[in-house]
2 protein chains.
Amino acid sequence: MKTENSKRSTGCPVAFGLDCFGDRWTLLVIRDMMVHGKRTYSAFLASEEQVATNILISRLKQLEADGIVNKERDPNNRRSYIYSLTQKGQDLAPVLLEIIRWGGKHDSREGAKRKIVDQLEQDQEGLEQQLRSPSPD
Amino acid sequence: MKTENSKRSTGCPVAFGLDCFGDRWTLLVIRDMMVHGKRTYSAFLASEEQVATNILISRLKQLEADGIVNKERDPNNRRSYIYSLTQKGQDLAPVLLEIIRWGGKHDSREGAKRKIVDQLEQDQEGLEQQLRSPSPD
DNA sequence: GCCTCACATTGCATTTTGCAAGCGACTGCA
DNA sequence: TGCAGTCGCTTGCAAAATGCAATGTGAGGC
């Protein structure tokens, strides 16, 4: 598991960000919450990129420890938990949007998904609000 | 070394971005180029975060392979190389800016560096232009 | 010719990742 | 009441990435 003291401490805001979400999986979990409105462990597990269970749980724990997501019991199902974005997590929406914009511009592969990129070009403000308080799609 | 076929191919622009710069070091090299105007191997090596030589060279090669940086000989010193950002690399400026904004807002540690964060608040457009064609600070 | 600098490689121990299996608490259903 | 299925999570282990120190190479400088 990623340990808490694996954080750098140079004071650079970029390094600080990377310490929170600078790996191959963390930002995909945040994407799943923002873009796809996912909120449960099993929903994250079902994402296209096929994250392993041990990686997923370690990232969720780290995100919770970093105050980016909040974990609470599902009132309707006592064996489930609901993960949601804190303010700090919602504030990652602009970061995600700019990554989407960059990926949309520079990913020339077949099968690149344009839907959200088009939405971003047409109504950035609206999309950002949507990412901050998402609903399942 | 990170192999080229370690790329995911789900078509998601976020996953595409993470395949290019989703690790603990790549974006720091890009930060060094944009924010600090660094352009040589030895300048990157001297960064605060103390990247190892093997990691640095592997990231530079990957960035070059991905078309994000360009490598050419230094006309003034034939044992040196100059690394510079391509258009694709310069287009990462908004991503970096939003990470800086987020880090600036949420990093409450002692010693967090505010200078660039303040600059961002005062003149985002100017800063973005500066990051796209940086000069050493 | 010898020294230094800049870029880069190598070897090896440690850490992280990927993958498969399994576990305990809980639920829905007969 | 029993029991199969779901949910969140843990464990074991092989493979890959990382951290680290030492070494190599090729171009200048003197």
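Lettering of chains follows the sequences in order, A, B, ..., and the numbering in each one begins at 1.
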Exercise for the section: Figure out the CG/P separation between B:Leu18 and C:dT17, and round it to whole Å. Expected result: 13 Å

Problem - Whole-Å gap separating C1' (C:dC19) and CG (A:Asn54) - result: 8 Å

Handout entry: Rounded distance in Å - CZ (A:Arg73) to P (C:dT27)
Key = 9 Å

Handout entry: Side chain A:Arg79 and base C:dC26 donor-acceptor under 3.5 Å
Key = yes

Handout entry: Side-chain N,O (B:Trp25) to OP1/OP2 (D:dT18) below 4.0 Å
Key = no

Handout entry: Sugar-phosphate only, base, or nothing, as touched by A:Asn77 at under 4.0 Å among non-hydrogen atoms
Key = sugar-phosphate

Problem - side-chain N/O B:Ser42 vs C:dC5 OP1/OP2, d < 4.0 Å - result: no

Practice task
Find out whether the Lys NZ or Arg CZ of B:Lys71 is both under 6.0 angstrom from the six-membered ring centre of B:Tyr83 and within 45° of the ring's axis.
Solution key: no

Problem - Pair A:Lys61 + A:Asp66, salt bridge at N-O below 4.0 Å - result: no

Fill in the blank from the handout: Rounded to whole Å, the CG-C1' distance (B:Leu56 to D:dG19) equals 14 Å

Handout entry: Joint hydrophobic cluster, A:Leu28 plus A:Ile57, side-chain heavy atoms closer than 4.5 Å
Key = yes

Problem - Nearest-nucleotide pick for B:Ser80, side chain only, options being D:dT10, C:dA8, C:dC7 - result: C:dC7

Handout entry: Side chain B:Tyr81 and base C:dA6 donor-acceptor under 3.5 Å
Key = no

Problem - Salt bridge B:Asp19-B:Lys7, side-chain N to carboxylate O under 4.0 Å - result: no

Exercise for the section: Report the distance from atom CD of B:Glu72 to atom P of C:dC7, rounded to the nearest whole Å. Expected result: 13 Å

Practice task
Taking the six-membered ring for Trp and the full ring for Phe, Tyr or His, determine whether the centres of B:Trp25 and B:Phe44 are under 6.0 Å apart.
Solution key: no

Handout entry: A:Thr53 vs C:dC19: side-chain N/O to OP1/OP2 distance below 4.0 Å
Key = no

Practice task
Would you classify A:Tyr83 as touching base, sugar-phosphate or nothing, given that sugar-phosphate means primed atoms plus P, OP1 and OP2, and contacts are heavy atoms under 4.0 Å?
Solution key: sugar-phosphate

Fill in the blank from the handout: Separation of D:dA16 atom P from B:Ile55 atom CD1, nearest Å, is 16 Å

Problem - Below 4.0 Å: OP1/OP2 of C:dA8 and any side-chain N or O of B:Lys71 - result: yes

Exercise for the section: Take the protein atom CD of A:Glu49 and the nucleotide atom C1' of C:dT17, then report the distance between them rounded to whole Å. Expected result: 16 Å

Practice task
Check whether any side-chain nitrogen or oxygen of A:Arg78 sits under 4.0 Å from OP1 or OP2 of C:dA25, and answer yes or no.
Solution key: no

Exercise for the section: Rounded off to whole Å, could you give me the CZ-to-P distance for the B:Phe44 and C:dC7 pair? Expected result: 9 Å

Practice task
Give a yes/no on whether any side-chain N or O of B:Lys61 is located under 4.0 angstrom from OP1 or OP2 of C:dC7.
Solution key: no

Exercise for the section: Answer yes or no: does a side-chain N or O of A:Arg59 lie under 4.0 Å from OP1 or OP2 of C:dT17? Expected result: yes

